[in-house]
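What follows is a set of notes on a single structure, which appears directly below.
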2 protein chains.
Amino acid sequence: MARSALSRDEVLDTAAALVREHGPDALTMRRLAAELGTAVTSIYWHVGNRESLLDALVARTVADLGTIRPRGATPAERIVSVARALRRALRERPHLVAMVHERGLTERMFLPAQRALVHEAHAAGLRGARAAALVHAVQFQVVGHVLVERNRERAPAQPPAETDLWVTEPTGLPAPDPELARALAAPVDTEAVFLVAVRALVAGLLR
Amino acid sequence: MARSALSRDEVLDTAAALVREHGPDALTMRRLAAELGTAVTSIYWHVGNRESLLDALVARTVADLGTIRPRGATPAERIVSVARALRRALRERPHLVAMVHERGLTERMFLPAQRALVHEAHAAGLRGARAAALVHAVQFQVVGHVLVERNRERAPAQPPAETDLWVTEPTGLPAPDPELARALAAPVDTEAVFLVAVRALVAGLLR
DNA sequence: ACCTGAACACCGTTCAAGT
DNA sequence: ACCTGAACACCGTTCAAGT
């Protein structure tokens, strides 16, 4: 075969391409080796093992998430805009979330939004621990929401679900609030839930 | 070998025990078969495949989460108490979260808290779509937070992380808010973040 | 310093064959 | 209706051996 100069970077590039095009499950050491035209075992020399290969890919992908620029007139609006931008950035990279899912969450994933959030918390008049609390609460909120969204998408069939559980009360009597019953029976609009939650969270934190 | 009457329930029981004691990774068809004293292939007749085996286990575990009883004097306190109870229930069953992690999220996981939340939202004076929004927002908040917590726990070493990134500004100048810098440098107290976030969320939603 | 093939100890799933 | 063993097509990783 005699191919030349396999490098760590080449391994990472090819692995990244594999993940991008076929998802993280397609990233097997053997398939990667085939793609690279080397022996499986050569990869181990360059990246250690599959775990740290995924680590490196996650680090890489997070690194290119880029900076988030707040938009809006009021502090609350600007913080909400950061949350939305972070969610969008994460959702645009489903393989990143999938890799994180396999690998565990990196602190780094929170970073793109952190500087912006710190700045806006300060601008909103929060200081010290209270400002830090806002930063963490928003970060957890966004990342948590994205994880839930992703997990529901890969969920199995959802037969009984909330759907029929609330159209009628278990008593058989009509629900006391039919509009609420209808709203809970309908499929969840996760984007709307996100917006409501983030706005309420930020409003609550800035009180 | 000639063992008698393998039943779907016996398969599920043994699988559940395996997961409880050694985590979902230990649940391999071959190991399960060994534990049951049957041929690997017998399991397939009873449960189809590993996917639906996990499905069944998740459904089972969620079913025994039980009902959540709100506590507290004000509506806000009572809603927060539901959120805390749901988080605790989920955290007490780490294998459930791990299985969901492998399998995808079931609607059912949201259910234990739902009746209680509906009731409290109503008691707080919310009706129709606004009440539904509160229910969904709180459910997503809690489940999302638990997923984040679990993901961070299984995370790899976190070398640079937030830790050193905020003790000094990138400019080299001292941070404008040293107390904030310190708070961000310290390891995150996820329970505290949860409480702050849930309280703020509920306050924001009830405004 | 880098690459190789062979081997080890696993997986989930299918299928024809048994009772 | 239920169970079996054999076989297929995979995995990640280790290791002694090569250059």
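Everything quoted here is computed from the prediction, not taken from an experiment. Below, read A as the first sequence line, B as the second, and so on, with proteins coming before strands; counting in each chain starts at 1.
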- Query: Rounded to whole angstroms, how far apart are CZ on R8(B) and P on dC3(D)?
  - Reply: 14 Å

- Heavy-atom contacts under 4.0 Å between residues 11-20 of chain A and DNA chain C, which residues? none

- Considering only heavy atoms from C-beta outward, does the side chain of V138(A) approach that of L86(A) to under 4.5 Å? no

- Atom-to-atom span, CD of E10(B) to C1' of dC2(D) - whole angstrom: 14 Å

- Query: Is a salt bridge present between R50(B) and E102(B), judged by a nitrogen-to-oxygen distance below 4.0 Å?
  - Reply: yes

Close N/O contacts between protein and nucleotides 17-19 of chain D (under 3.5 Å):
none

- Side-chain heavy-atom pair T67(B), R115(B) within 4.5 angstrom cut-off: no

- Note on the structure: Applying ring pair (Phe, Tyr, Trp, His ring centres under 6.0 Å) to H101(A) and not counting sequence neighbours gives H101(B)

- Integer angstrom distance from the P of dC10(D) to that of dA9(C): 22 Å

- Any salt bridge between E179(A) and R130(B), counting N to O under 4.0 Å? no

- Message: Check this for me: does any side-chain nitrogen of one of R91(B) and E149(B) sit under 4.0 Å from a carboxylate oxygen of the other?
- Response: yes

- Task: Mark yes or no for whether S52(B), through its side chain, and V47(B), through its backbone, hold a donor-acceptor pair below 3.5 Å.
- Result: yes

- Message: With a 4.0 Å limit, can you tell me whether S42(B) has a side-chain N or O closer than that to the phosphate oxygens OP1/OP2 of dT4(D)?
- Response: yes

- Interatomic distance, CD1@I43(B) vs CZ@R8(B), rounded to 0.5 Å, equals 13.0 Å

- Task: Please report the C-alpha distance between F140(A) and F110(A) in whole Å, then the side-chain angles of each, then the deciding distance to 0.1 Å, and finally whether the ring-ring contact (aromatic ring centres under 6.0 Å, His included) criterion is met.
- Result: CA-CA 8 Å; F140(A) 271 62; F110(A) 295 99; 5.7 Å; yes

Considering only nitrogen or oxygen atoms on both sides, find all protein atoms under 3.5 Å from nucleotides 8-12 of chain D and state each distance.
unit_1: dC11(D); atom_1: OP1; unit_2: T28(A); atom_2: OG1; d: 3.3
unit_1: dC11(D); atom_1: N4; unit_2: R30(A); atom_2: NH2; d: 3.3
unit_1: dG12(D); atom_1: OP1; unit_2: M29(A); atom_2: N; d: 3.3
unit_1: dG12(D); atom_1: OP2; unit_2: M29(A); atom_2: N; d: 3.0
unit_1: dG12(D); atom_1: N7; unit_2: R30(A); atom_2: NH1; d: 2.2
unit_1: dG12(D); atom_1: O6; unit_2: R30(A); atom_2: NH1; d: 3.3
unit_1: dG12(D); atom_1: O6; unit_2: R30(A); atom_2: NH2; d: 3.2

- Note on the structure: Applying side chain to side chain donor-acceptor pair (under 3.5 Å) to Q141(B) and not counting sequence neighbours gives none

- Query: Are H46(B) and dA1(D) close enough that a side-chain N or O sits under 4.0 Å from OP1 or OP2?
  - Reply: no

- Can you tell me which stems DNA chain D forms, taking runs of 3 or more consecutive Watson-Crick or G-U pairs with both distances under 3.5 Å? C:4-8 with D:12-16, C:12-16 with D:4-8

- Is R60(B) paired with D13(B) through a side-chain N to carboxylate O contact shorter than 4.0 Å? yes

- Quick one: CG on L27(B) to CG on L54(B), what's the gap to the nearest 0.5 Å? 5.5 Å

- Give a yes or no on whether a salt bridge exists between D25(A) and R31(A), defined as a side-chain N under 4.0 angstrom from a carboxylate O. no

